[in-house]
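The analysis underlying the following values was restricted to heavy atoms, covering all of them including side chains, and did not include hydrogens, waters or symmetry mates.
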Amino acid sequence: MKDLVLVIDDYEIHSLAAEIMIKRQAFAKKVMTFSSAIDALAFLSSVKEVSAFPEVIFLDIQMPLMDGFEFLDEYIQLPASMRERCSIVLLSATQVPNDHVKMKLYAHHTRFFEKPLTREKLALLTSNAPMALQAS
């Protein structure tokens, strides 16, 4: 079980559904949700202890003001010691061909799942499977 997981999604219903699934599957002790990638980055930047940094971030790709890719561009500026603790899972409800091209640029530390988040998708994250980019 993870200590802390973040869900970043501008649609409240998607955040709530992901949070419920994470809790039902006992995937994490604590789930924090953010409707804004900017607010999530502010939180992550404020974390001082590696042990307080999330272990997984579920990140919606399509969001206003700052999308998932722009978030990743800023996220990589955070200290490596923090980022090494965390896996990022990109989430999308739509099939935008350009998004799949962009995802390959971040393949070294991301995985991709189509929404909704399911028990089976969470199980993939708890297995020993590598976190390479993977559409599911």
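Proximity of Glu74 to Glu70: side-chain heavy atoms (C-beta onward) are nowhere separated by under 4.5 Å. Looking at heavy atoms from C-beta onward, Lys2 lies out of side-chain contact with Ile22 at the 4.5 angstrom threshold. Here the side chains of Leu4 and Pro54 are in contact, with some heavy-atom distance below 4.5 Å. Using a 4.5 Å cut-off on side-chain heavy atoms (C-beta onward), Ile8 and Met63 make contact.
Leu65 and Leu41 fall within a single hydrophobic cluster, where Ile, Leu, Val, Met, Phe, Trp and Tyr are joined by side-chain heavy atoms under 4.5 Å apart, directly or via other members.
The NZ atom of Lys30 sits 10.0 Å away from atom NZ of Lys23, with the distance rounded to the nearest 0.5 Å. Rounding to the nearest 0.5 angstrom, the gap separating the OG1 atom in Thr33 from the NE2 atom in His14 is 14.0 Å. Here the straight-line distance linking atom CE of Met66 with atom CG of Asp39 works out to 10.0 Å at 0.5 Å rounding. Between the CD atom of Glu49 and the OG atom of Ser81 there is a distance of 10.0 Å, given to the nearest 0.5 Å.
Remark: side-chain polar atoms of Glu55 are paired, donor with acceptor, to backbone N or O of Asp3 under 3.5 angstrom. Using modelled atom types, no side-chain atom of Arg119 and backbone atom of Gln25 make a donor-acceptor pair closer than 3.5 Å. Ser15 places a side-chain N or O within 3.5 Å of a backbone atom of Asp9 that can act as its donor or acceptor partner.
The only member of Leu125, Leu122, Leu90 that meets side chain to side chain contact (heavy atoms under 4.5 Å, CB included) when paired with Phe113 is Leu125.
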Can you check side-chain contact (heavy atoms from CB on, under 4.5 Å) on Lys121 and Val89, steps first, answer last? CA-CA 10 Å; Lys121 292 170 186 169; Val89 179; over 6 Å; no
Can you list the steps and then say if Leu6 with Leu44 is a side-chain contact (heavy atoms from CB on, under 4.5 Å)? CA-CA 10 Å; Leu6 263 57; Leu44 293 170; 3.9 Å; yes
For the pair Leu124 and Arg111, evaluate side-chain contact (heavy atoms from CB on, under 4.5 Å) and give the outcome as yes or no after the intermediate values. CA-CA 10 Å; Leu124 284 173; Arg111 177 175 257 172; 3.9 Å; yes
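By the neighbour-count criterion of 12 heavy atoms within 6.0 Å, atom CD of Glu120 is densely surrounded, having more than that number from other residues, nucleotides or ligands. Heavy atoms from other residues, nucleotides or ligands lying under 6.0 Å from CZ of Phe43 number more than 12.
Of all the heavy atoms in Ser92 and Asp60, the pair that sits closest is CA-OD1, 4.4 Å. When every heavy atom of Leu78 is checked against every heavy atom of Ser45, the shortest pair comes out as CD2-OG, 3.6 Å. In terms of heavy-atom proximity, Phe53 sits nearest to Arg85 at O-NE, 2.5 Å. Taking all atoms of both residues into account, the shortest heavy-atom contact from Met82 to Val50 is SD-CA, 3.6 Å.
Relative ring orientation between Phe71 and Tyr75 is described as parallel, the plane-to-plane angle staying below 30° on a 0-90° scale split at 30° and 60°.
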